[in-house]
**Student:** 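Before I ask anything, let me first share the structure, which is written out below as structure tokens.
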Number of protein chains: 2
Amino acid sequence: MSKATINDVARIAGVSIKTVSRVVNRESGVRDATREKVEKAIAELNYWPNQSARDLAASRAHLICLVYDDPSAYQLPSSGYVIRLQEGVLRVCRSHGYELLIHPCNYRDKQVGEELRVLIQRARPAGVVLAAPLSNFPRIVKAIAATGTPFVRLSPGQKLSGQRVVATNDREFAAEMTRYLASLGHKHIAFITGHPKHKAVSHRFDGYRDGLEQSGLPFSEQLVVAGDNSFGSGEAAAMKLLKRKRRPSAIFAANDDMAVAVIRVAGRLGINVPGQLSVAGCDDITLAEQIHPALTTIRQPFSTMAEKATLMLVKGTTESELPEGTTVVPGKLRIRESTGPAP
Amino acid sequence: MSKATINDVARIAGVSIKTVSRVVNRESGVRDATREKVEKAIAELNYWPNQSARDLAASRAHLICLVYDDPSAYQLPSSGYVIRLQEGVLRVCRSHGYELLIHPCNYRDKQVGEELRVLIQRARPAGVVLAAPLSNFPRIVKAIAATGTPFVRLSPGQKLSGQRVVATNDREFAAEMTRYLASLGHKHIAFITGHPKHKAVSHRFDGYRDGLEQSGLPFSEQLVVAGDNSFGSGEAAAMKLLKRKRRPSAIFAANDDMAVAVIRVAGRLGINVPGQLSVAGCDDITLAEQIHPALTTIRQPFSTMAEKATLMLVKGTTESELPEGTTVVPGKLRIRESTGPAP
DNA sequence: AAACTTTTTGACAGCGTTGTCAACAATTCG
DNA sequence: CGAATTGTTGACAACGCTGTCAAAAAGTTT
């Protein structure tokens, strides 16, 4: 285990510790010859700066904090979401010398604001990435904003001015999916809405309407059923839609959990997917590819979004200059087996 | 945002900073009256110690590092595993004032030893939790051991002396599952083995043999097919077993991915599960509960294992006194729909 | 009450780095 | 060539805390 300090390097290289510090931090104003001497000494001693010391001296930690809704708190099968977020943040952390501190929390807990305040005060991260649906709660956003630590919100429903946001184009891709279904010849495309608190998901409903209009299809209240993002609500909605005398030939659900539920219900009712019914979802959860028929959906760029957000928080990137505003990362249509020509 | 330092607290409380430090660190030898004064001042100023400073002064970081195989590197559907590990470590971190630093890595990468050395040198964590299957690779274990940082291995195949290990009772629970299947009247219980490099999984084969013996059933090479933990290998193994003239009435797979594959293949072949074939797995992945019929399996105590391991690394616990040895956390049989009486 | 022991407290020196600012060296200009 | 300018380097004081060790206070014993 290396115990070399900056002093050792300075001694070996025959320069002052400050010069070593400059080289390590890639500051300008060091003569090439000097830089080389120092780099040689660093390599020789296998020196690596002590993070605690630099953080103390610079009064900032080389840490990015990712805050998300704890999936284990509700047995959600959405761990894929968390993993993808972590991936994105990690990519940037790795390349910029930051570490990732993860903090799942439960938004139902009244203490969560306080909890985050304490977290930030303790860890003093360089920035916080706040994932949806947490990014929708004013209580939580305010708590973080109050600490003065830079933060970026992921897919919040409403954009507050003066804050940085990375979002996806929910409305546009929902329209795209709707147009795709229409292009298959479907005339009766039903929609299962998401949880009203989850704003990004509700934008998809607007997109659905856009898509209908763009395809010259009429909108009908009859074809819309409310869901709340859960598998159970998807089942209930599917029952409602599929037991009708004149059932829709396609069902577009605001998220994959509900879409999977629709496929399950269709199976129980003996309705063939995609032969008699096309089903589409949103998110591209892991399960989407594993079920049969594999679900047509929209891959959310979670990992890329997290990456962009982290770049905004990391020192020395062009992204970190952005004072505020929204960056949009587009979702991607994934056509699989659950959709087909209208019967 | 609080900017109070230990000096402020000391001034307000009318004591020295060292006494404040003692109170904050719960050291003994502080009079109750003094402690109260200090606590009052701390509350009043909303003081929280600066982690970088205490880590620097104490030359140890309040950080636990969780190192695991990067599921995204192979599109494994095993993100549930990672999430559960994180949960366990986080529980202990939260309660003991540590933070969790996650480090997924790819064991196929030759550089991984070096990568971990750098990570540890940079972050200087209080300890490292090394998850399976990484915990099986001597190259990786050695790299971590060389840094001198305390670490605990999770479910390694072989136990090295002088190291701390938290494992589950793979052999015992595999025997239990086998006995359970036997108790349902199955006489021909097939087994699909796991990846030979994944030692913990191979112990399950021994357990299978134990279980047969304990149930008075003969062991037959005919009933054993090799798999490698992947869904694909499970499909291949299932085909081999189910196309036989005299096919087994139960198939026990060394992991859930393969068990799910068996169910899928049975479905394609028109074999009813559990009516004509019972299928059991190991691990209790998220998917196990989501498929139909829901998979009978053994829930691995990943979260509890990670918790125990972390406790060994955290200062001030009885667990951290353990110099070496293995702690066993038992798995739990989850009987669902994929197993039933022998036809 | 003196002498000792034990408990509680504080002074002070680091921990390994960065920021500030002044000093020095090299380069350019009149 | 000296002066002015620009580029490079180093001395030193933080940063906020913990460890060491000695001093002070409190408790015990004779």
Side-chain angles (χ1 to χ4, degrees), chain A residues 1-39 41-42 45-63 97-99 121-124 126 315-316, chain B residues 1-39 41-42 45-63 97-99 121-124 126 315-316:
Chain A
M1 184 83 192
S2 155
K3 287 179 185 175
T5 73
I6 200 170
N7 280 290
D8 302 325
V9 178
R11 193 160 15 80
I12 300 290
V15 298
S16 74
I17 58 168
K18 183 60 206 183
T19 299
V20 177
S21 173
R22 289 197 177 93
V23 172
V24 168
N25 291 290
R26 295 180 163 63
E27 285 173 32
S28 61
V30 178
R31 201 171 301 153
D32 284 351
T34 312
R35 180 184 305 280
E36 277 162 27
K37 269 194 305 184
V38 172
E39 278 168 351
I42 287 177
L45 291 171
N46 190 20
Y47 163 80
W48 204 276
N50 178 313
Q51 210 54 252
S52 302
R54 27 186 2 191
D55 290 348
L56 173 59
S59 58
R60 56 102 177 75
H62 263 107
L63 221 49
Y98 283 66
E99 298 299 341
Q121 282 188 193
R122 293 193 52 176
R124 303 185 195 221
K315 219 175 154 185
Chain B
M1 185 84 192
S2 154
K3 289 179 185 179
T5 73
I6 199 168
N7 281 291
D8 303 325
V9 177
R11 192 160 15 79
I12 300 290
V15 299
S16 73
I17 58 168
K18 182 61 205 182
T19 298
V20 176
S21 171
R22 288 195 178 95
V23 172
V24 168
N25 291 290
R26 293 182 165 63
E27 286 174 31
S28 61
V30 178
R31 203 172 301 154
D32 284 352
T34 312
R35 180 184 308 279
E36 276 161 28
K37 267 195 306 186
V38 173
E39 279 168 352
I42 287 176
L45 292 173
N46 191 20
Y47 163 79
W48 204 277
N50 177 314
Q51 209 55 251
S52 303
R54 48 197 328 206
D55 290 348
L56 173 60
S59 58
R60 56 106 177 72
H62 262 107
L63 221 50
Y98 283 66
E99 299 299 343
Q121 281 187 194
R122 293 192 53 176
R124 303 186 195 220
K315 217 174 153 187

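Hydrogens, waters and symmetry mates are skipped; everything else that's a heavy atom, side chains included, is used. Since this is a predicted model, take the numbers as computed values, not measurements. Letters A, B, ... mirror the listed sequences (proteins, then strands); counts begin at 1.
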**Student:** Rounded to the nearest angstrom, tell me the gap between atom CG in A/Asn50 and atom P in D/dC17.
**Tutor:** 17 Å
**Student:** Give me the bend of the helix from C/dA1-D/dT30 to C/dG30-D/dC1, using the axes of the five pairs at each end, rounded to 10°.
**Tutor:**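 Between the first-five-pair axis and the last-five-pair axis there is 40°.
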**Student:** So which pairs with a foot in residues 9-35 of chain A pass salt bridge (charged side-chain N to carboxylate O under 4.0 Å, His left out), sequence neighbours left out?
**Tutor:** A/Asp8-A/Arg11
**Student:** For B/Ala53, which residues count as a side-chain contact (heavy atoms from CB on, under 4.5 Å) partner, sequence neighbours excluded?
**Tutor:**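 side-chain contact (heavy atoms from CB on, under 4.5 Å) check on B/Ala53 returns A/Leu56, B/Asn50.
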**Student:** Base, sugar-phosphate, or nothing: which does A/Ser52 touch, judged by heavy atoms less than 4.0 Å apart?
**Tutor:**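 The answer is nothing, as A/Ser52 stays clear of every strand by at least 4.0 Å.
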**Student:** Please report the distance, rounded to the nearest Å, between CD in B/Glu36 and C1' in C/dT8.
**Tutor:** 16 Å
**Student:** Would you please name every residue forming a side-chain contact (heavy atoms from CB on, under 4.5 Å) with B/Glu99, sequence neighbours left out?
**Tutor:** A/Leu101, A/Leu119, B/Leu63
**Student:** Between B/Ala57 and B/Thr19, which residue's closest nucleotide on DNA chain C lies nearer the 5′ terminus?
**Tutor:**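 Closest to the 5' end, via its nearest nucleotide, is B/Thr19.
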**Student:** Provide the closest heavy-atom pair for B/Val38 versus B/Ala13 in the form atom of the first, atom of the second, distance.
**Tutor:** CA-CB, 4.0 Å
**Student:** Which heavy atom of A/Ser52 sits nearest a heavy atom of B/Asp55, and at what distance?
**Tutor:**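 That closest heavy-atom pairing would be OG-CB, 3.4 Å.
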**Student:** So, using side-chain contact (heavy atoms from CB on, under 4.5 Å) as the criterion, who are the partners of A/Ala10 when residues are at least two apart?
**Tutor:** A/Ile17, A/Val20
**Student:** Once you round it to whole Å, what is the distance between C1' of C/dG16 and CG of A/Asn7?
**Tutor:** 8 Å
**Student:** With rounding to the nearest 0.5 angstrom, report the OG1 to CG distance, B/Thr5 to B/Leu45.
**Tutor:**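 Those atoms lie 9.0 Å apart.
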**Student:** Write down the distance between CG (A/Leu45) and C1' (C/dG16), rounded to a whole number of angstrom.
**Tutor:** 15 Å
**Student:** From CZ of A/Arg11 over to P of C/dG16, roughly how many Å is that when rounded to an integer?
**Tutor:** 13 Å
**Student:** Work out which heavy atom in B/Ala4 is nearest to a heavy atom in B/Tyr47; give both atom names and the distance.
**Tutor:**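 Residues B/Ala4 and B/Tyr47, closest heavy atoms: O-CD1, 3.4 Å.
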**Student:** Between A/Arg54 and A/Pro49, which heavy-atom pair has the shortest distance, and what is it?
**Tutor:**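 Heavy atoms of A/Arg54 and A/Pro49 come nearest at NH1-CG, 3.6 Å.
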**Student:** Let me spell it out: for each of B/Leu56 and B/Ser16, pick the nucleotide of DNA chain C with the closest heavy atom. Which residue's pick is nearer the 5' end?
**Tutor:**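 By nearest-heavy-atom nucleotide position, the 5'-most residue is B/Ser16.
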**Student:** Given D/dT9, C/dT17, D/dT18, which nucleotide is nearest the side-chain atoms of A/Thr34?
**Tutor:**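 Of all the options, the side chain of A/Thr34 is nearest to D/dT9.
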**Student:** Mind calculating the distance between NE2 (A/His62) and C1' (C/dT17) to the nearest angstrom?
**Tutor:**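 Whole-Å distance recorded here is 12 Å.
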**Student:** As a quick check of understanding, evaluate side chain to side chain contact (heavy atoms under 4.5 Å, CB included) for B/Thr34 and B/Val23, giving each step before the final call.
**Tutor:** CA-CA 9 Å; B/Thr34 312; B/Val23 172; 5.9 Å; no
**Student:** In whole angstrom, what separates B/Arg54's CZ from C/dG16's C1'?
**Tutor:**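 These atoms are roughly 18 Å apart.
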**Student:** Considering only nitrogen or oxygen atoms on both sides, find all protein atoms under 3.5 Å from nucleotides 21-24 of chain C and state each distance.
**Tutor:**
none

**Student:** Are side-chain heavy atoms of A/Thr19 and A/Ser16 found at a separation under 4.5 Å?
**Tutor:** yes
**Student:** What nucleotide among C/dG16, D/dT18, C/dT17 has an atom nearest to a side-chain atom of B/Ile6?
**Tutor:**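 Per side-chain heavy atoms of B/Ile6, the pick is D/dT18.
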**Student:** Rounded to the nearest Å, what distance is computed from the CD atom of residue B/Gln51 to the P atom of nucleotide D/dC15?
**Tutor:**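 After rounding, the gap between these two atoms is 19 Å.
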**Student:** Does anything in residues 23-33 of chain B come within less than 4.0 Å of DNA chain C? Heavy atoms only, and list the residues if so.
**Tutor:** B/Gly29, B/Val30, B/Arg31
